[in-house]
Amino acid sequence: MDYDALYRRSIDEPEAFWREQAARIDWHQPFEQVCDHSQPPFARWFAGGLTNLCHNAVDRHVPQRPDQPALVYISTETGQERSLSYGQLYVEVQRTAAILQAMGVRKGDRVLIYMPMIPEAVVAMLATVRLGAIHSVVFGGFASHALASRIDDAQPTVVFTADAGSRGGKVIAYKPLLDEALKQAQHAVPHVVVVDRGLAPAPLQAGRDHDFHTLRREVMDAQVPCEWVASEHPSYTLYTSGTTGKPKGVQRDTGGYAVALAMSMDLIYCGQPGETFFCTSDIGWVVGHSYIVYGPLLAGMTTIVYEGLPVRPDAAVWWSIVERHRANVMFSAPTAIRVLKKQDPDCLKRHDLSSLKHLFLAGEPLDEPTARWIGEAIGKPIIDNYWQTETGWPILSLARGVDPHQAPRLGSPGVPMPGYKVTLRDDQTGEPLTGANQKGVLTIDGPLPPGCLQTVWGDDRRFVQTYWSTFPNQPVYNTFDWGIRDEDGYYFILGRTDDVINVAGHRLGTREIEEAVSSHPAVAEVAVVGVADEVKGQVARAFVVVKDPQRVADDAGRAALEAEIMRTVDGQLGAVARPARVHFVNVLPKTRSGKLLRRAIQAVCEGRATGDLTTIEDPAALQQLQEAVAR
Ligand code: PRX
C-alpha cells in the first residue's frame with residue numbers, strides 16, 4: 001500500500017479503517033461502536049469497549065517476551081545503568097500499584113507524578129493506569145508555583161516524587177520544591193511517596209510522606225490485577241500552555257490512545273516488537289508520554305530511558321548508546337541537534353550506527369541546515385513530525401511503515417497522518433484555502449482521530465471555546481499554528497498564531513511568564529515575547545516598566561534587578577521559563593485601545609520592520625524599546 005491509499009481509506013472509510021487498527025490492542029470486552037460523534041465536538045472512540053493501558057503495554061507481552069528488556073535506564077548523571085525485562089516490569093508495576101491501592105487510590109482518582117527520568121517514574125505511570133486511576137506528570141523542571149496550580153487543578157490523592165534530580169552533574173532537590181508547592185496549594189494532598197535516590201536526603205512529614213523503598217519491601221509479592229475500564233475512561237491529564245495564564249489539563253482517553261499509538265509505532269516510526277526505541281525527551285512532556293513510555297511498550301519494544309544531557313560526558317554519548325544497545329529508532333528535538341552541531345563533528349563518526357533506521361525529530365520547526373547537517377553526519381533518513389500535546393501523536397509526518405520510499409522534503413514535517421482531516425483556513429473568515437502555497441491557520445475537521453484530547457480536565461466549556469470556536473459557524477479544531485501547503489501536498493509550519501512560544505522544544509505561555517515576572521514587587525508592567533534564537537529556536541525576553549525608575553537608572557541597578565526578576569521566575573515556574581533577558585523601559589508599546597503590540601516588540605527584537613503601526617498610542621515607546629534592546 002502507498003501513503004495515498006492509506007490516508008484516503010482512513011478518511012473515506014473511517015469505520016473500517018479504525019476497526020482494523022483497533023485489532024492492534026487487546027480488548028477485555030469488544031467495542032460496540034467505532035466512534036460515537038453524536039455530541040460534537042466530543043468524540044467517544046471504541047464506545048462500549050473495555051480495556052486497560054497497562055495490560056496492553058506490559059501484561060500482554062509477558063508470555064511472549066518475559067526476558068526481553070522492556071526498559072533500559074541509562075543515567076550519565078549518576079553513572080547508573082539498569083534494565084527491567086517485561087517480566088520484571090510486570091512485577092514492579094504491581095508492587096507500585098499495591099502501594100497506591102493501600103493509599104486508597106481507586107479508579108478515576110488522580111496521581112500526580114513529579115519525578116526525574118528514572119524507572120520508578122515510568123513504573124508509577126503504568127501502576128496508575130493499571131488501577132484505572134489518572135496520572136498527571138508534571139515536568140521536573142517546573143518549580144513550586146507551577147506545581148501548586150497543577151496540584152489544585154488535578155486534586156491528586158497521591159503525589160509521587162523523588163528526593164532529587166540531576167542535570168549536568170548538578171543535583172536539583174525536588175522534595176523542597178514539592179513541600180513549598182503543597183504549602184501554596186489549596187488542595188490538601190493526603191499522601192506523598194518519595195523515591196530516595198540518596199542525592200538530597202529530605203525530611204519526611206509524618207502521616208503524609210512515605211519512603212518508597214520501605215513501602216516496596218512490604219509488597220514484594222503483590223498481585224494487583226488490571227482494572228478494566230471503558231475505552232473513553234481517562235488515562236491521564238497533561239498540562240500545557242495556551243493564551244491565558246492558567247495551564248490546561250489536556251485529557252486523554254484509554255482505548256483510542258492505545259490504538260493510535262500502536263498504529264503510529266508501526267506506520268510512522270517503523271518500530272517492531274523486539275526492537276529498541278530511543279527517545280531523548282522527558283516523561284514530563286507529551287513526547288515522553290507517547291514515545292518513551294506508552295508507544296514503545298505497546299509495541300513490545302525495548303525503550304531507553306535516558307537521564308542526562310546530549311553533550312555530557314561528550315557529544316558522542318547518544319551515539320554510543322545507539323551502538324551499545326543496538327537502537328533501531330531514535331526520536332529527538334531539533335534543539336538538541338543544533339547543540340550537537342556546535343560540537344566536534346567527529347563525535348558522530350566514532351560509533352557504529354548500523355542498527356538505526358531513522359532519526360525522528362519533533363516539537364519545533366526543523367530548519368533546513370540542521371536537517372541537512374544531521375542527515376549527512378549520521379547517514380540516516382531524518383523524519384520531521386508535527387503534533388501537539390493535544391493530539392498525542394503526529395498530525396503531519398511520513399508513513400514510512402507502509403511506504404518506505406515516501407521522501408522527506410526539507411523544511412516540511414510532511415503530510416497528514418491517518419484520520420487527520422487537515423485544512424488551512426483564512427484566519428479572518430475561516431474559509432478553507434484550497435490553492436497551493438497559501439498561508440493559513442492549520443485546522444482539523446472533527447472528529448479528531450483516536451488518541452487526541454477528549455476535553456480539558458474538568459472544563460468541557462473551555463475545551464469547546466478554546467479549540468473549536470475560532471470561526472463562527474465552522475466548528476473545526478484550531479491548532480493555533482500557521483501553515484502553508486505546497487503543490488504536492490507537503491505542509492510547512494510557520495509558527496504559532498497565539499502567545500505560545502517554543503523554547504528549546506518546550507512549550508511555554510508568555511502570559512504565564514508575565515504573571516511570574518509581575519509578582520516581583522518592583523514590577524509595574526511587563527510584556528514577554530518569544531525571540532528567534534539560533535540554538536533554542538526561540539527564547540523569552542521580558543520588557544519591564546518598574547514602579548520606581550531610580551532602581552534602573554544605571555547599569556548596576558539594571559543588572560541587579562534583572563537577576564532578581566530571573567530568580568523570581570526560576571522560583572515560581574522553573575528555569576525553563578526564565579527570560580533570556582529582562583529589559584527596562586518607561587512605557588510599553590500599545591494601541592490606543594490599550595492592547596499590547598507584541599508582534600511589534602518581537603519584530604524590534606529580531607531586527608525586523610514593525611509593519612503598519614498607525615494605531616500605536618505613543619510612537620516613542622518603540623524608539624525606547626529599540627534603545628533598551630541595543631543597550
Ligand atoms: O507550534 C507547534 C510546535 O509545537 C507546538 C506543540 O508543542 P507541544 O504541545 O509541546 O507538543 C509537541 C509535540 C511534538 C505546535 O503547536 N511544533 C511541534 N512540532 C513541530 C512544531 N513546529 C514545527 N515543526 C514541527 N515538527
Side-chain angles (χ1 to χ4, degrees), residues 137-139 141-142 237-243 247-252 260-261 264 268-269 279-292 294-295 331-338 359-368 370-371 374 382-398 408-417 420 422 424 441-444 448 451-453 456 466-467 470 477-485 490-510 512 530 532 536-538 576-577:
V137 180
V138 176
F139 176 55
F142 281 129
T237 65
L238 182 57
Y239 289 87
T240 195
S241 309
T243 297
K248 292 183 286 271
V250 164
Q251 180 181 318
R252 195 96 61 215
L261 286 188
S264 73
I268 303 175
Y269 297 102
C279 172
T280 68
S281 182
D282 187 287
I283 51 152
W285 306 107
V286 71
V287 175
H289 279 65
S290 292
Y291 298 110
I292 293 174
Y294 292 113
F331 188 155
S332 190
T335 293
I337 305 301
R338 289 192 292 263
L359 169 63
F360 290 88
L361 297 172
E364 53 177 324
L366 173 60
D367 55 285
E368 294 192 26
T370 300
I374 186 69
I382 308 302
I383 316 285
D384 193 355
N385 52 126
Y386 158 81
W387 45 293
Q388 309 182 301
T389 304
E390 287 84 347
T391 67
W393 61 285
I395 303 168
L396 302 173
S397 187
L398 300 181
R409 185 159 295 189
L410 279 176
S412 163
V415 292
M417 289 297 96
Y420 285 105
V422 175
L424 296 175
V441 182
L442 198 144
T443 65
I444 304 165
L448 294 174
C452 296
L453 83 167
V456 172
T466 304
Y467 297 106
T470 310
Y477 173 83
N478 189 351
T479 61
F480 298 98
D481 279 304
W482 293 108
I484 202 164
R485 191 185 60 249
Y490 281 78
Y491 284 79
F492 294 77
I493 301 297
L494 309 172
R496 298 277 304 195
T497 65
D498 59 3
D499 297 327
V500 166
I501 62 172
N502 198 320
V503 180
H506 298 158
R507 172 168 162 185
L508 301 167
T510 51
E512 253 175 296
K536 296 183 169 180
Q538 274 185 314
V576 277

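Order of listing sets the numbers, starting from 1, for every ligand and every atom in it.
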From CA spacing to verdict: ring-ring contact (aromatic ring centres under 6.0 Å, His included), W393, Y420 = CA-CA 11 Å; W393 61 285; Y420 285 105; 4.9 Å; yes
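- Residue contact check: R496 has heavy atoms under 4.0 Å from atoms 1 (O), 15 (C), 16 (O) of ligand 1.
- Between E390 and ligand 1, a contact under 3.5 Å exists for no N or O pair.
- The part of E364 lying near ligand 1 is the backbone, judged by heavy-atom distances below 4.0 Å.
- Partner of E364 under the side-chain hydrogen bond (donor to acceptor under 3.5 Å, both in side chains) criterion, chosen from K536, H506, R338: R338.
- Counting the atoms of ligand 1 from 1 in the order shown, those under 4.0 Å from a heavy atom of N502 are 3 (C), 4 (O).
- Relative ring orientation between Y269 and F331 is described as parallel, the plane-to-plane angle staying below 30° on a 0-90° scale split at 30° and 60°.
- Of the protein's non-hydrogen atoms, the one nearest atom 7 (O) of ligand 1 is R507 CD, 3.6 Å.
- Between the R507 side chain and the S241 main chain, a donor and an acceptor come within less than 3.5 Å of each other.
- In this structure a side-chain-to-backbone donor-acceptor pair under 3.5 Å is present from T479 to L442.
- At a heavy-atom distance under 4.0 Å, no atom of L396 approaches ligand 1.
- Scanning the protein heavy atoms around atom 16 (O) of ligand 1, the nearest turns out to be D481 OD2, 2.5 Å.
- Checking only distances, V286 never comes within under 3.5 Å of ligand 1, N or O to N or O.
- Side chains of S264 and Y291: a donor on one and an acceptor on the other come within 3.5 Å.
- With distances taken over non-hydrogen atoms, the option nearest atom 23 (C) of ligand 1 out of P394, G414, S290, P365 is P365.
- The contact set between ligand 1 and I493, taken as ligand atoms under 4.0 Å from a residue heavy atom, comprises 22 (N), 23 (C).
- At least one heavy atom of V287 lies less than 4.0 angstrom from ligand 1.
- Of all the listed residues (N385, V250, T391, L494), N385 holds the heavy atom that lies closest to atom 26 (N) of ligand 1.
- Per-residue contacts place G363 under 4.0 angstrom from the following atoms of ligand 1 (heavy atoms of the residue considered): 3 (C), 4 (O), 14 (C), 17 (N), 18 (C), 19 (N), 20 (C), 21 (C).
- A pairwise comparison of heavy atoms in T470 and T466 identifies OG1-O, 4.5 Å as the closest pair.
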Is there a salt bridge (charged side-chain N to carboxylate O under 4.0 Å, His left out) between K248 and E512 once you walk through the steps?
-> CA-CA 12 Å; K248 292 183 286 271; E512 253 175 296; over 6 Å; no
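- In this structure, N502 contributes its side chain and G505 its backbone to a donor-acceptor pair below 3.5 Å.
- A cation-pi arrangement is present between R409 and Y490 under the rule of less than 6.0 angstrom and at most 45 degrees off the ring axis.
- In this structure, atom 6 (C) of ligand 1 lies nearest to the protein heavy atom W387 O, 3.5 Å.
- If you number the atoms of ligand 1 from 1 as listed, the ones under 4.0 Å from a heavy atom of T389 come out as 8 (P), 9 (O), 10 (O), 11 (O).
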